[in-house]
Amino acid sequence: MSAAEGPLVVGVDTSTQSTKALVVDSATGRIVASGQAPHTVTNGAGRESDPRQWWDALCTALRQCGEAAHEAAAVSIGGQQHGLVTLDEHGEPVRPALLWNDVRSAPQARRLVEELGGPKAWAERTGSVPGASFTATKWAWLAEHEPEAVRATKAVRLPHDYLTERLTGQGTTDRGDASGTGWWASGTEAYDEETLAHIGLDPALLPRVARPGEVVGTVRDSHDLPFSKGTLVAPGTGDNAAAALGLGLRPGTPVLSLGTSGTVYTVSERRPTDPTGTVAGFADARGDWLPLACTLNCTLAVDRVAALLDRDREAVEPGGSVTLLPYLDGERTPNLPHASGLMHGLRHDTTAGQLLQAAYDGAVHALLGALDLVLDADADRDTPLLLIGGGARGTAWQQTVRRLSGRPVQVPQARELVALGAAAQAAGLLTGEDPAAVARRWNTAAGPVLEAVERDRSTLERITGVLSDAAPLLERRPETD
């Protein structure tokens, strides 16, 4: 390992399926070591993971980083949002965590919206209209279906909170991740007592919300991680807020992230309050806002369609009239938690490649439909769309986004932007800088710009029409609901 120009920091991304750790030179942004380890998610009606797997994966990933992790002066955790982690009096999980893409709480989400004033009141108070992804709805589901687990719970955490607390021994979170719970009010920037009382959650069980730039503790000595004694720990944040830091995102620049879920977001200085629920009015990790729309079905769903067709994921073909809505896990945008995949327009001459292209089109359609709602009215529509996430380097994804958006598309060369954003936050503890400014100094958003092409409005309109006509099927609730 060549000598670093500045102190080393560690940024962590604990995502749905794995935990990644980067050791980064805080002066240059150069990655000097990295590690990664997987965790498992249940299949079936729910999506759950054992939080202890996240800790084991973090330990494995850090050990893969070797001596560089031991030299780090600060660490920060970025993590999957919304997950409900319930801990007992010993800090051990009461049950597996309910993840963001567990939609069993859809009935509870509907009831909460109705019982606490309707969509407009929710948007004004918390910035978002909660759906089945939000943590508050998961707690309501748990109270209804597993009351013994609720009685045993002595602390409630989000995924990144859980790992941060295991590092420091202190229960903390940040405004970015807290804003995705449904029980944090964006208007007051505090936990909402009315919501907590309504769902029967004692605020004493929740972590303290740390300020941006705060040192929330130091790595304690009671475990065998390769950190030096006294390593500083940053507040951490949710994965999308961390990626925004990792890009050094400025207000008005749009981002489309292609991962297990798909997201579109930007940074805004205005607090979002969308009563339709399409845009979640999340906070960012700095003090601004992160209006965001999210889909449940993105790269994983398209890859599943490719596997069913026995095609390589890049083996798409143009043409045809088929529409495929790849809502394999229900959907969040549009709000169709009980939906399944739907295909329309199949003909004798439809090819497997056209079917696969239709899956890409269906996945991108919902994200682009939300983009104008995410952006402020005065945002420059000619600003390149930053394309990030696991799918961003796929040619089929790039060309689909270009064709359906009609915008220039920029693909940052930097990878692992969630972990890089966490590293920038850790670096900010040492230098006193805004983490986004740290990332801009690292030039993380640099990458090729693909020129705009004419927008394929006919395909967009066809998908919109099928979506509208199929609404009764897609909205149908299971008989057990």
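Here the side chain of Ser49 pairs no donor or acceptor atom with the backbone of Pro51 at under 3.5 angstrom. Without hydrogens or angle criteria, Arg220 side chain to Arg166 main chain gives a donor-acceptor distance under 3.5 Å. Although no hydrogens or angles enter the test, the distance criterion places a donor-acceptor pair under 3.5 Å between the side chain of Glu314 and the main chain of Thr395. Distance alone, capped at 3.5 Å, is enough to place a donor-acceptor pair between the Asn297 side chain and the Leu328 backbone. Ser26 places a side-chain N or O within donor-acceptor distance of the main-chain N or O of Pro7, the cut-off being under 3.5 Å. His160 contributes no side-chain N or O that, together with a main-chain N or O of Gly78, makes up a donor-acceptor pair within less than 3.5 Å. Formation of a donor-acceptor pair under 3.5 Å by the Ser34 side chain with backbone atoms of Ala21 is not found in this model. A donor-acceptor pair is defined here as one N or O able to donate and one able to accept, closer than 3.5 Å; such a pair exists between the side chain of Gln398 and the backbone of Ala392. Remark: side-chain polar atoms of Trp139 are not paired, donor with acceptor, to backbone N or O of Leu84 under 3.5 angstrom. In terms of modelled atom types and a separation under 3.5 Å, the side chain of Asp274 and the main chain of Val279 share a donor-acceptor contact.
Heavy atoms of other residues, nucleotides or ligands lying less than 6.0 angstrom from CZ of Arg304 number 12 at most. Within 6.0 Å of CD in Glu193 there are 12 or fewer heavy atoms belonging to other residues, nucleotides or ligands. Residue-environment remark: CZ (Arg211) stays at or below the threshold of 12 foreign heavy atoms within 6.0 Å.
Residues Gln425 and Leu429 fail the side-chain proximity criterion, which asks for heavy atoms closer than 4.5 Å. No side-chain heavy atom of Val85 sits less than 4.5 Å from a side-chain heavy atom of Val156. Using a 4.5 Å cut-off on side-chain heavy atoms (C-beta onward), Lys229 and Thr218 make no contact. The closest side-chain heavy-atom distance from Leu99 to Gln80 is below 4.5 Å. You'll find the side chain of Thr173 reaches within 4.5 Å of the side chain of Leu158, heavy atoms only. Side chains of Asp50 and Pro93 form a contact here, defined as non-hydrogen atoms less than 4.5 Å apart. Side-chain contact between Trp122 and Thr195: present, with at least one pair of heavy atoms (C-beta onward) separated by less than 4.5 Å. Under the 4.5 Å side-chain criterion, counting only non-hydrogen atoms from C-beta, Leu356 is in contact with Val302.
Rounding to the nearest 0.5 Å places CG of Asp161 at 10.0 Å from CG of Leu87. The distance from atom CH2 of Trp183 to atom CZ of Phe134, rounded to the nearest 0.5 Å, is 12.0 Å. Taken to the nearest 0.5 Å, the OG1 atom of Thr181 stands 8.0 Å off from the CG atom of Leu196. Separating the CG atom in Leu292 from the OG1 atom in Thr266 is a distance of 10.5 Å, to the nearest 0.5 Å. Rounded to the nearest 0.5 angstrom, Leu22 CG and Ile31 CD1 are separated by 4.5 Å. From Trp100, atom CH2 reaches atom OG1 of Thr16 across 5.0 Å, with rounding to the nearest 0.5 Å.
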Under the salt bridge (Lys or Arg N to Asp or Glu O under 4.0 Å) criterion, do Glu454 and Arg402 qualify, and how do the steps go? CA-CA 8 Å; Glu454 184 178 356; Arg402 290 178 73 199; over 6 Å; no
Report the C-alpha separation of Asp303 and Arg313 in whole Å, then their side-chain angles, then the decisive distance to 0.1 Å, and conclude whether the salt bridge (Lys or Arg N to Asp or Glu O under 4.0 Å) test is met. CA-CA 6 Å; Asp303 283 353; Arg313 64 167 63 101; 3.0 Å; yes
Working note: Ser128 + Thr126, criterion side-chain hydrogen bond (donor to acceptor under 3.5 Å, both in side chains); need CA distance, chi angles, decisive distance, verdict. CA-CA 5 Å; Ser128 303; Thr126 69; 5.2 Å; no
Stepwise side-chain contact (heavy atoms from CB on, under 4.5 Å) test for Leu367 and Thr333: CA-CA 8 Å; Leu367 289 167; Thr333 304; over 6 Å; no
Table please: side-chain donor-acceptor pairs of residues 245-261 below 3.5 Å, with sequence neighbours left out.
from	atom 1	to	atom 2	distance (Å)
Thr260	OG1	Gln17	NE2	3.2

Residues 234-243, side-chain donor-acceptor partners within the protein, below 3.5 Å, at least two apart:
from	atom 1	to	atom 2	distance (Å)
Thr237	OG1	Asp174	OD1	3.3
Thr237	OG1	Asp174	OD2	2.9
Asn240	OD1	Thr263	OG1	3.4
Asn240	ND2	Gln81	OE1	3.0

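Ion pairing between a basic and an acidic side chain is recognised when a charged N comes within 4.0 Å of a carboxylate O; Arg104 and Glu48 show such pairing. Look at Asp102 and Lys138 and you find no salt bridge, because none of the NZ, NE, NH1 or NH2 atoms lies under 4.0 Å from a carboxylate O. Comment: Glu92 engages Arg52 in a salt bridge, judged by a side-chain N to carboxylate O separation of less than 4.0 angstrom. Using a cutoff of 4.0 Å between basic side-chain nitrogens and carboxylate oxygens, Asp284 and Arg175 are scored as salt-bridged. Ion pairing between a basic and an acidic side chain is recognised when a charged N comes within 4.0 Å of a carboxylate O; Glu433 and Arg441 show such pairing. Between Arg403 and Asp456 a salt bridge is recorded (basic side-chain N to carboxylate O distance below 4.0 Å).
The distance between the ring centers of Phe282 and Trp289 does not fall below 6.0 angstrom.
Residues meeting the side chain to side chain contact (heavy atoms under 4.5 Å, CB included) test with Thr231, sequence neighbours left out: Val75, Val219, Phe227, Ser228. Annotation: side chain to side chain contact (heavy atoms under 4.5 Å, CB included) contacts of Ser133 (sequence neighbours excluded): His82, Leu296, Arg332. Residues passing the salt bridge (Lys or Arg N to Asp or Glu O under 4.0 Å) test with Asp434 are Arg286, sequence neighbours excluded.
Evaluation of the salt bridge (Lys or Arg N to Asp or Glu O under 4.0 Å) test over residues 405-423, restricted to residues two or more places apart or in two chains, returns none.
A cation-pi arrangement is absent between Arg440 and Trp442 under the rule of less than 6.0 angstrom and at most 45 degrees off the ring axis.
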